[in-house]
K.L.:
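Have a look at this one.
One-based numbering along the sequence shown. The figures that follow rest on heavy atoms only: side chains count, while hydrogens, waters and symmetry mates do not.
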Amino acid sequence: MILQLFALGGLIALAGGYALPTRDAERHMHPVYGGASAPQRASRFKRGYMPEMTFGSQRVEQYADYWRSIAHQTLEQQLESKMRPNTQLAKNVMLFLGDGMSIPTITAGRVYLGGEEKQFAFEQFPYVGLSKTYCANMQVADSACTATAYLGGVKANYGTVGVTAAVRLKDCQAQVQPENRVASIAAWAQRQGMATGLITTTSVSHASPAGVYAHAANRDWENDADVKADNADPTICTDIASQLINGDVGRNLNVILGGGRQNFLPEHVKDPSGVFGKRKDGRNLIEEWQRQHTNSAHYVHTRRQLLELNNQTSRVLGLFAPYHMPYHLDADAADQPTLEEMVQAALAILERQSAGRGYFLFVEGGRIDHGHHNTLALRAIDETAEFDKAVHWARTHSSVDDTLIVVTSDHSHTMSLAGYSSRKNDIFGINDGQLAADDLPYATLSYANGPGYNSNFLKDDGGAVKRKNLRSLNMKNKDFMFPTAVPLESETHGGDDVAVFASGPYSHLFTGVFEQHYIPHAMAYASCLSESRSMCSDTSITRLWSS
């Protein structure tokens with residue numbers, strides 16, 4: 001009877017379109033490299049010829065003791081960092097946000113740095129967790145609802161920033177209701193007398209930095225013209241750039257650095273690069289900012305001006321591009337500061353202006369995301385390397401005893417690393433382990449969807465779609481669009497979890513798997529801004545939590 005049931009199960013399986021697993025099928029999943037019979041195996045399994053791998057590894061890697069010594073060293077580091085958790089007051093808090101910095105982005109970035117065994121500076125932080133990134137109403141998030149989560153501690157709807165999920169996209173009336181507004185950790189810090197700042201490589205009115213200071217039913221309402229375009233009233237629903245200059249949090253920021261000049265200038269006024277502003281209300285928000293503050297506050301728009309700020313500077317507004325700052329690979333070093341340089345300038349001001357009360361700084365490497373959206377993997381990963389330089393500088397120039405640094409991403413992307421390439425194979429090149437079923441090579445990096453489809457596929461005279469031969473393309477060109485499976489004008493975000501790295505006081509709170517909106521609550525706890533620590537006194541600092 002049992003044999004009859006087993007046979008029946010096999011028939012059902014076959015009828016359902018799949019076969020029971022076999023040893024040959026398993027070998028098909030995991031090909032074997034090299035050897036005289038490789039061509040025959042290739043034909044049998046239709047996997048393409050798997051050449052003998054000839055990676056010139058260090059000889060020491062051939063010995064088991066080498067790997068054991070690394071494991072023991074790591075074990076000692078883990079024990080040293082985790083046996084004595086740092087529970088001192090986090091006088092200073094820095095949140096570094098790699099926009100779109102998925103885990104595959106980090107992995108590919110290591111190879112870009114020089115090899116699979118390399119590490120970014122933030123990967124050396126002692127505590128790591130995973131953040132769940134979905135919006136209140138969407139499986140796959142955008143940068144607005146996520147900013148509300150990791151800065152404001154509340155999940156929001158897709159496309160909205162600094163408001164609760166009671167506000168639907170473009171709902172102007174709901175935006176202005178006080179009960180629908182979400183205060184960010186920057187607001188909590190300011191109420192306790194801390195200095196505050198934001199830095200981004202995007203427009204300072206873009207979705208991620210807007211989470212620091214703004215409340216908007218549409219992340220695209222960066223200027224009043226954008227609000228009007230959605231048939232909303234900008235005198236009721238204040239645009240994001242206006243909130244940065246005149247809002248409760250925005251006008252009290254000590255540091256504002258990034259791009260976005262056009263959202264602060266009237267449409268008849270050109271910025272230094274000759275680009276007209278976008279505002280229809282005739283307001284020059286840069287001049288308004290200058291009038292608000294004393295002579296120790298400075299507006300800058302070039303790298304030199306930023307680096308030459310005097311040590312009496314109390315506030316800085318730096319807008320270095322009409323909209324987003326250029327990719328690092330395209331930047332003019334005379335005009336565009338690096339993210340690392342902006343962090344250096346910001347910390348000099350924040351440390352002075354905090355007067356011992358501490359500071360909160362938000363730093364975004366925003367163009368990682370844009371590189372991925374355009375399937376420009378080289379640009380995205382280079383931006384990740386630049387982002388890490390800023391993290392490294394901040395960590396090495398601050399004390400782990402009193403400064404908490406958290407590094408994370410808002411969402412992932414659809415880029416993956418695939419195939420069986422040899423060690424140290426060019427991460428931006430062809431997979432060197434096999435050919436595809438069409439006898440053509442394929443890229444190690446590819447996307448599930450996006451504009452790279454059209455640049456990597458072609459149609460023959462009969463209308464059949466074929467892949468281009470990647471050997472005929474310059475994949476190392478920074479403008480090369482990597483292959484995608486589905487044609488889209490812009491590649492989408494991914495819905496998978498993102499990593500959270502932490503170093504400093506209470507960094508052990510950032511372990512495990514948690515909701516993204518937990519992040520600011522944990523940072524606030526570490527810095528005595530949380531209701532969970534209603535009174536906190538350490539190193540002559542006393543802080544009371546307020547909502």
K.L.:
Can you confirm whether Tyr453 sits close enough to Thr375 that some side-chain heavy atom of one is under 4.5 Å from a side-chain heavy atom of the other?
P.N.:
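Not touching, per the 4.5 Å side-chain cut-off.
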
K.L.:
Do Thr164 and Arg181 get their side chains close enough for a donor-acceptor pair, meaning under 3.5 Å?
P.N.:
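Distance-only check fails for Thr164 and Arg181.
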
K.L.:
Going by atom types only, do Arg219 and Ser143 share a side-chain donor-acceptor pair under 3.5 Å?
P.N.:
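Not at all, the side chains of Arg219 and Ser143 share no donor-acceptor pair under 3.5 Å.
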
K.L.:
Please identify each residue that fulfils salt bridge (charged side-chain N to carboxylate O under 4.0 Å, His left out) with Glu267, with sequence neighbours left out.
P.N.:
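With neighbours one apart ignored, the set is Lys280.
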
K.L.:
State whether Tyr327 and Arg367 meet the cation-pi test: NZ (Lys) or CZ (Arg) under 6.0 Å from the six-membered ring centroid, and within 45° of the perpendicular axis.
P.N.:
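That pair qualifies as a cation-pi contact.
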
K.L.:
Relative to the ring of His206, is the ring of His324 parallel (under 30°), tilted (30 to 60°) or perpendicular (over 60°)?
P.N.:
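Taking His206 first and then His324, their aromatic rings stand perpendicular (interplane angle over 60°).
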
K.L.:
How are the rings of Tyr518 and Phe514 set relative to one another: parallel (under 30°), tilted (30 to 60°) or perpendicular (over 60°)?
P.N.:
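Tilted, since the angle between the ring planes falls between 30° and 60°.
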
K.L.:
Checking His413 against Asp369: is there a side-chain donor and acceptor pair closer than 3.5 Å?
P.N.:
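Note: Asp369 and His413 side chains meet the donor-acceptor criterion.
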
K.L.:
Taking atom types as modelled, find out whether Tyr150 and Asp410 have a side-chain donor-acceptor pair closer than 3.5 angstrom.
P.N.:
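Note: Tyr150 and Asp410 side chains miss the donor-acceptor criterion.
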
K.L.:
Would you confirm whether the ring centroid of Tyr127 sits within less than 6.0 angstrom of the ring centroid of Phe510?
P.N.:
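Not under 6.0 Å, so no.
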
K.L.:
Side chains of Glu222 and Tyr323: is there a donor and an acceptor less than 3.5 Å apart?
P.N.:
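The criterion, which ignores hydrogens and geometry beyond distance, is satisfied for Tyr323 and Glu222.
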
K.L.:
Side chains of Ser102 and Thr105: do they bring a donor and an acceptor to under 3.5 Å?
P.N.:
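Distance-only check passes for Ser102 and Thr105.
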
K.L.:
Relative to each other, are the rings of Phe482 and Phe480 parallel, tilted or perpendicular (30° and 60° limits)?
P.N.:
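Rings of Phe482 and Phe480: perpendicular, as their planes differ by over 60°.
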
K.L.:
Please identify each residue that fulfils salt bridge (charged side-chain N to carboxylate O under 4.0 Å, His left out) with Glu123, with sequence neighbours left out.
P.N.:
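With neighbours one apart ignored, the set is Arg110.
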
K.L.:
Classify the side-chain pair Asp239/Ser242 by whether it contains a donor and acceptor separated by less than 3.5 Å.
P.N.:
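Distance-only check passes for Asp239 and Ser242.
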
K.L.:
With a 3.5 Å cut-off and no angle check, do the side chains of Ser208 and Glu364 form a donor-acceptor pair?
P.N.:
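Judged by distance alone, the side chains do pair up.
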
K.L.:
Does the side chain of Thr414 come under 3.5 Å of the side chain of Glu491 through a donor N or O and an acceptor N or O?
P.N.:
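Per modelled atom types, Thr414 and Glu491 side chains form a pair under 3.5 Å.
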
K.L.:
Taking the six-membered ring of Tyr134 as reference, does the NZ or CZ atom of Lys155 fall below 6.0 Å from its centre and within a 45° cone about the axis?
P.N.:
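Positive - Lys155 is close enough to the ring of Tyr134 and near enough to its axis.
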
K.L.:
Please list all pairs passing the disulfide (SG to SG under 2.5 Å) test where one or both residues lie in residues 109-147, with sequence neighbours left out.
P.N.:
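The answer is Cys135-Cys145.
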
K.L.:
Quiz question: by atom type and distance under 3.5 Å, do the side chains of Asn425 and Asn431 form a donor-acceptor pair?
P.N.:
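No - no donor-acceptor pair under 3.5 Å links their side chains.
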
